[in-house]
Number of protein chains: 2
Amino acid sequence: MRTYTDLSITAARIVDVAESLIQRQGLNGFSYNNIARAVGIRKPSVHHHFSTKADLVHVVTQRYVDRFISQLERLDHSHAAPKDKLLSYAQLFQDTSQSARLCLCGMLGAESESLPNPIREHLQTFFNANLLWLTATLAMAWPRRAGSAQGTALLLLSSLEGAMIVGRTLLVNDAPMQAANALFDQLDS
Amino acid sequence: MRTYTDLSITAARIVDVAESLIQRQGLNGFSYNNIARAVGIRKPSVHHHFSTKADLVHVVTQRYVDRFISQLERLDHSHAAPKDKLLSYAQLFQDTSQSARLCLCGMLGAESESLPNPIREHLQTFFNANLLWLTATLAMAWPRRAGSAQGTALLLLSSLEGAMIVGRTLLVNDAPMQAANALFDQLDS
DNA sequence: GTCTATACTGAGATAGAC
DNA sequence: GTCTATCTCAGTATAGAC
C-alpha cells in the first residue's frame with residue numbers, strides 16, 4: 001500500500017486537496033473530478049497518482065494521523081505547563097473549526113460504516129493516541145483528579161469532536177474552545 | 001413542502017428506512033435503491049412518495065427533530081429529579097449509539113455543507129432546543145454552578161455527539177454514557 | 001400505488017497516444 | 001505525467017401502462 005512519505009509535488013497537492021474536501025464534505029461528498037479541477041489537471045491524471053479512491057483516502061488518513069501525533073509529541077517536548085498544553089491541544093481543534101473543516105478522523109469516523117478496514121485502523125490509532133495523551137496530561141494538570149483522568153480524557157476528546165459539528169451548524173466559530181474551557185473551569189473549581 | 005404528519009403506511013416505512021440509513025451511512029451514503037430494497041418496493045415507487053431526495057431528507061429531519069423535542073418535554077413533565085432527567089437525556093444518546101447509529105442531526109451536521117438550507121434550519125432548531133433545555137436543567141441540578149450552565153450545556157451536548165463517533169470507531173459501546181458520567185462526577189465534586 | 005422501461009448524469013476506472 | 005476517448009455502473013429522476 002502507498003505511503004505519504006515519498007509523494008511527488010503533484011501527488012502532494014492531490015493529497016492536500018483531498019484532505020480538505022474530506023474534512024468539508026465527507027468521504028462520499030467529493031469525486032476525482034472535484035480534485036482534478038482544484039489541482040488543475042484532468043481526472044485520469046489523478047488516477048495516475050492514486051489508482052483508486054480507497055488508495056487516496058488511505059494515504060490522506062495516514063498522513064493526517066501521523067502529523068497529528070507528531071503535534072502531540074511536539075506539545076510534550078515544549079516544557080509548557082500541563083494546563084497550557086491542554087489549551088494548545090484544544091486550540092488545534094479550534095483552528096480546524098475556524099477554517100470551516102471538521103477533524104478528518106471525526107468526519108471519517110461518522111462515515112466509518114462505508115470505510116475499508118485499513119482506514120478504520122488508522123482512525124483507531126488516532127483516537128487511542130489522543131486518549132492516551134489526554135489521560136496523561138490531564139493527570140499532570142489536575143493531580144487531585146488523576147483517578148478520573150481516563151473518563152475526563154474521553155469527555156474532552158468527544159466534546160471537541162462534537163463541538164466542531166455543533167459549532168458549524170449553529171455558526172458559532174469558537175465552539176471547541178468554549179467546550180474545552182467549560183471543562184477546564186469545572187476542573188479548576 | 002411535505003410534512004410527516006399525514007404519511008401513508010408505505011411513506012412512513014420509507015421515512016423509517018431513510019432515517020436509519022442516514023444515521024448509519026450519512027446523507028451521501030445511501031440511494032433510493034437501498035430504500036426500495038429495504039421497503040420491498042421498486043425505485044420509482046419511492047419517487048412516487050418523495051419526488052426528490054431533498055424532499056425525503058427534509059421530512060425525515062423534521063420528524064426526527066420534532067420527536068426529539070417531544071422527548072425533552074416528556075422528560076420535563078416527568079417530575080424526576082434534575083440529575084435523573086440529565087441521566088435519562090444521556091441515555092437517549094446511549095440508546096442510539098447501541099443501535100449502531102449516530103444522532104441524525106450530528107451526522108447531517110457533519111455533512112451540512114452539502115445540505116439544502118431548509119434542512120440546515122431544522123438542525124439549528126435541534127441544537128438550540130437541546131442547549132436551552134440543558135442549560136435550564138443543569139442549573140437546576142447544580143444550582144451552585146448555575147452561572148456556568150450555558151457553557152456546560154455546550155460541553156455536554158458536544159461530548160454526547162462526539163462520543164457516538166469516537167465510540168463507534170473504537171468499538172466502545174457505552175461512550176456517550178461514559179462521557180456524560182465523567183462530566184456529572186466533576187459537577188458533583 | 002406500483003410497476004417496467006428508459007433518460008440522463010456523474011462517478012470510478014482503463015486504454016493508449018503524446 | 002498528462003492528455004483524449006471510452007467503458008461500466010450507479011444514482012436521480014420521468015413516462016406511461018396496469
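So that the names make sense, note that chain A is the first sequence line, chain B the second, and so on, each numbered from 1.
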Footprint string (nucleotides 2-14 of chain D, 5' to 3'): B base within contact, S backbone only, - free, heavy atoms under 4.0 Å: BBBB-----SBBB
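Residue pairs meeting the side chain to side chain donor-acceptor pair (under 3.5 Å) criterion with at least one partner in residues 107-117 of chain B, sequence neighbours excluded, are B:N117-B:R120. Every pair passing ring pair (Phe, Tyr, Trp, His ring centres under 6.0 Å) that includes a residue from residues 135-167 of chain A is listed here, sequence neighbours excluded: A:W142-A:F184. Contacts classified as salt bridge (Lys or Arg N to Asp or Glu O under 4.0 Å) and involving residues 77-90 of chain B (residues at least two apart or in different chains) are given here: B:D76-B:K85, B:K83-B:D188. Applying the salt bridge (Lys or Arg N to Asp or Glu O under 4.0 Å) rule to pairs touching residues 56-74 of chain B yields B:D16-B:R63, B:E19-B:R63, sequence neighbours excluded.
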Distance-only criterion, 3.5 Å: show the donor-acceptor pairs between side-chain atoms of residues 169-179 of chain B and protein atoms not counting sequence neighbours.
from, atom 1, to, atom 2, distance (Å)
B:T169, OG1, B:I165, O, 3.0
B:D174, OD1, B:Q178, NE2, 3.0

Which side-chain N or O atoms in residues 34-44 of chain B pair as donor and acceptor under 3.5 Å with protein atoms at least two apart or in another chain?
from, atom 1, to, atom 2, distance (Å)
B:N34, OD1, B:S31, N, 2.7
B:N34, OD1, B:S31, OG, 3.4

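Applying the ring pair (Phe, Tyr, Trp, His ring centres under 6.0 Å) criterion to A:F30, with sequence neighbours excluded, gives no partner residue.
Axis angle, first five pairs versus last five pairs of the helix from C:dG1-D:dC18 to C:dC18-D:dG1: 0°, rounded to 10°.
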